[in-house]
Structures are given as C-alpha cells and as structure tokens.
Amino acid sequence: MYSFLHELLADKQGGAIFSCFGIWHFLYILLAAAAAAAVLYACRNKPADAKKRTAAAFLNIAFALYMADFFLMPLAYGEIDIEKLPFHACTAMCVMCFLSYHSKRIGTYRGSFVMLGFISNLVYLIYPAGVMWHQVSPFSYRVVQTLLFHALMSVYGFLFLIYDRRELSLKQCRSDLAVLIGMTLWAMLGNYAYNGTFEGYSHFFNWFFVVQDPFYLLPAKIAPYVMPVLNIAVFFAAEMLVSFALHRIRKKRRAA
C-alpha cells in the first residue's frame, strides 16, 4: 500500500512543468474566480445565514486539506515538510479562522483573521513561487494540494468579506493591527525555534518574511530588524485599502 500511495503522491517529473503565469497556473486562478462567481450567483437570493454557511464550507474544506497534508506528506515525500507548519500567514490564518468559529474568545477577531488570510493566500495564489521552484508536473500532489488550499482560502476570504457587514471603523483597524502584530511575533518565534544548524544540517526558514525580504534585497544582518516592522506596515496598508474599497462599495449600494 505504501508503494502505491507513494507512487500516486510523489512529485512527477517529465512532461508539462508547473510554472508561474503558465497555462496551469492561470487555470487554477480561473477556477477559483469561477467558484467565487458561481457562489455569488447561486446565493444571491438566499438569507444572510445561508450565505455565511456557504462561505464557511470553503474554510472547512481548506482546513481539512491542511490537516490531511501532515498525514500525506510522509507518503508523498518521505517526511513532513517543516515549511508547512502554521507560521506563514496563509496557514496560520486558516487555523485561526477555523478556531474562531468554535471559540467565543477569539471569535471577535474573525474578521481580522479572514482579512489577513485572504490577502496572504491571494498573493500566493497569484505568485506561487514555493511550488514553481520544484519544477514538477502540474498534476503532482505538491502542486494540486498547495494551489487548491490557497484557492479555497482566497474564495472563502472573498465571500466572507462580501457577505460580512463589518464597517470601516477605528475599532476594526485596531483589531486588524493587533492580529498583524500577533502574526509577526508568532512567525518570529517559529523562525527563532527552527532556524539554525544541527548535526551538520543547516535549516533556514523565512516564515511570514520576518527574517529576510522575499526578494533578498536587504542585507542579511539588517533584514531581521527591518522586515517585521515593514511587514506590518505593508500588510496593514493592504488591509486598509481592501476595507476602504468595501466601504465605498457598500456606501454606493445604500445610496442607490
């Protein structure tokens, strides 16, 4: 059974290779956009609770996919990829969004979790460098799982933000900023704990890009001091831009 599952899930070489902005990449983006559009159309006349439950279904599938990955990675790669631990915003916000539905204590931050998760997953869906570097077939488990997860989280975030009635306010801004700071500190903890050299093997992770900028423009000695602050500023600006756009759209609809 192990040999069969390993052969099924292992990286597939030869033939078509998944690449950023290639036909298979655009197909994943198109499928995500089509799914979001289909849900908006199908739920256009449904009550608000039904719309939110439909959006939450995408989160539940993404969370199940993420959890299952830890059991399937040893079959696919022979080990668990530490990079998949929830220290990136994409995966961490999936976990926090899921938990926010089952915990009143953190449920008040759900909108902020969703906002950060939506932006981070959408950015990865648009530029999936992590799978591109492996130069494998678009039908490999690595590609399908990664792109499907980020697509599901992007669709969930989009639908939640469309159906949610949160308003642009100082309280909401403070909540978004608090989640960003918490995510940054959490990523710093992960990088501090897992980066280093052990038994001759060097491990370097850059969760949430707090150790080095994604383009490696900053000197290695300076980046760990600059990137945490820069990350918070950039993501907060992006979140405020999305919030302001939603605010304007809702204002125009109310005026119509």
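As the structure is a prediction and not an experimental result, all values here were calculated from the model.
- Residues Met115 and Ser243 meet the side-chain proximity criterion, which asks for heavy atoms closer than 4.5 Å.
- Residues Val234 and Val226 are members of one and the same hydrophobic cluster, defined by side-chain heavy-atom contacts under 4.5 angstrom among Ile, Leu, Val, Met, Phe, Trp and Tyr.
- Note that Arg110 lies outside the cation-pi zone of Phe113, set by a 6.0 Å cut-off to the ring centre and a 45° limit from the axis.
- When all heavy atoms of His6 and Leu75 are compared, the closest pair comes out as ND1-O, 2.8 Å.
- Side-chain atoms of Lys12 come within 3.5 Å of backbone N or O of Leu8 as a donor-acceptor pair.
- Between Met183 and Leu116, the closest side-chain pair of non-hydrogen atoms falls below 4.5 Å.
- The aromatic rings of Tyr28 and Phe18 lie perpendicular to each other, with more than 60° between the two planes, well past the 30° mark.
- Phe63 and Phe98 have their aromatic ring centers within a separation under 6.0 angstrom.
- Scanning all heavy atoms of the two residues, the minimum distance from Lys46 to Lys51 falls at O-CE, 3.1 Å.
- The hydrophobic cluster containing Leu230 does not contain Ile119, counting ILVMFWY residues as joined when their side-chain heavy atoms lie under 4.5 angstrom apart, directly or transitively.
- Taking each heavy atom of Asn206 and Gln212 in turn, the nearest pair found is ND2-O, 2.6 Å.
- Hydrophobic clustering of Ile, Leu, Val, Met, Phe, Trp and Tyr side chains at less than 4.5 Å, counting indirect connections, unites Ile181 with Leu189.
- Residue Met93 holds its CE atom at 7.5 Å from OG of Ser120, rounded to the nearest 0.5 Å.
- Open room surrounds CE on Met188; 12 or fewer heavy atoms of other groups in view lie less than 6.0 Å from it.
- Cluster annotation: Ile23 and Val144 are assigned to the same hydrophobic cluster (Ile/Leu/Val/Met/Phe/Trp/Tyr, side-chain heavy-atom contacts under 4.5 Å, transitive).
- The environment of Arg105 atom CZ is sparse: at most 12 non-hydrogen atoms of other residues, nucleotides or ligands sit within 6.0 angstrom.
- The heavy-atom pair separating Asn121 from His150 by the smallest distance is OD1-CD2, 3.0 Å.
- Under a cut-off of 6.0 angstrom, the local environment of CZ in Phe204 is crowded, with over 12 non-hydrogen atoms contributed by other residues, nucleotides or ligands.
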Q: Using the side chain to side chain contact (heavy atoms under 4.5 Å, CB included) rule, take Tyr194 and Leu85 through it: C-alpha gap first, then chi angles, then the decisive distance, then the call.
A: CA-CA 11 Å; Tyr194 286 92; Leu85 291 177; 3.5 Å; yes

**Q.** Val211 vs Tyr192, side chain to side chain contact (heavy atoms under 4.5 Å, CB included): CA-CA, chis, key distance, verdict
**A.** CA-CA 9 Å; Val211 176; Tyr192 177 78; over 6 Å; no

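- Tracing side-chain contacts under 4.5 Å through hydrophobic residues (I, L, V, M, F, W, Y), one reaches Phe160 starting from Val242; they form part of the same cluster.
- Rounded to the nearest 0.5 Å, atoms SG (Cys90) and CG (Leu122) are 10.0 Å apart.
- Contact annotation: the side chain of Leu99 never approaches that of His102 to less than 4.5 Å [non-hydrogen atoms, C-beta and beyond].
- Ring to ring, His88 and Phe208 are not that close: their centroids are 6.0 angstrom or more apart.
- In this pair, Phe26 and Phe21 present their aromatic rings tilted. The plane angle is within the 30 to 60° band.
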Q. Could you walk me through whether Asp49 and Tyr163 pass the side-chain hydrogen bond (donor to acceptor under 3.5 Å, both in side chains) check?
A. CA-CA 9 Å; Asp49 288 346; Tyr163 294 145; over 6 Å; no

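- Minimum interatomic distance between His134 and Gly130 (heavy atoms only, all atoms of both residues): CD2-O, 3.0 Å.
- Annotation for Tyr2: atom OH counts as buried by contact number, over 12 foreign heavy atoms lying within 6.0 Å.
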Q.
Show, in sequence, the C-alpha distance, side-chain angles and deciding distance for Met240 and Cys173, and conclude whether the side chain to side chain contact (heavy atoms under 4.5 Å, CB included) test is met.
A. CA-CA 8 Å; Met240 292 302 99; Cys173 291; 3.4 Å; yes

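- Between the CH2 atom in Trp24 and the CG atom in Leu30 there is a gap of 12.5 Å [rounded to 0.5 Å].
- Between Phe149 and Tyr66, the angle of the ring planes lies from 30° to 60°, which puts this pair in the tilted group.
- Side chains of Ser112 and Asp176: a donor on one and an acceptor on the other come within 3.5 Å.
- Side-chain N or O atoms of Ser140 include none that pairs as donor or acceptor with a backbone N or O of Val143 at under 3.5 Å.
- Other residues, nucleotides and ligands contribute more than 12 heavy atoms inside 6.0 Å of the OH atom of Tyr101.
- Residues Val114 and Leu59 form no side-chain contact, since every pair of their non-hydrogen atoms from C-beta on lies 4.5 Å or further apart.
- With a 4.5 Å cut-off on side-chain heavy atoms, Asp11 and Tyr77 count as touching.
- Using a distance-only test at 3.5 Å, with no hydrogens or angles considered, a donor-acceptor pair links the side chain of His25 to the main chain of Ile126.
- Phe118 CZ to Glu239 CD: the interatomic distance, rounded to the nearest 0.5 Å, is 11.0 Å.
- Side-chain contact between Phe236 and Asn231 is absent, with no heavy-atom pair separated by less than 4.5 Å.
- At least one donor-acceptor pair closer than 3.5 Å links the side chain of Asn191 to the backbone N or O of Ala187.
- By the 4.5 Å heavy-atom criterion applied to side chains, Met153 and Leu148 are not counted as neighbours.
- Shortest non-hydrogen contact noted between Arg250 and Ile162 is NH2-O, 3.8 Å.
- The closest side-chain heavy-atom distance from Ile82 to Trp207 is below 4.5 Å.
- The backbone N or O of Tyr41 lies less than 3.5 Å from a partner atom in the side chain of Arg44, making a donor-acceptor pair.
- Separation of atoms CD1 (Ile17) and CE (Met132) is listed at 12.5 Å; rounding is to 0.5 Å.
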Q: Test Ile232 against Met227 for side chain to side chain contact (heavy atoms under 4.5 Å, CB included), laying out the working first.
A: CA-CA 8 Å; Ile232 292 173; Met227 285 308 299; over 6 Å; no

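- Within the model, atoms CG of Leu177 and CZ of Phe235 stand 13.5 Å from one another, a figure rounded to the nearest 0.5 Å.
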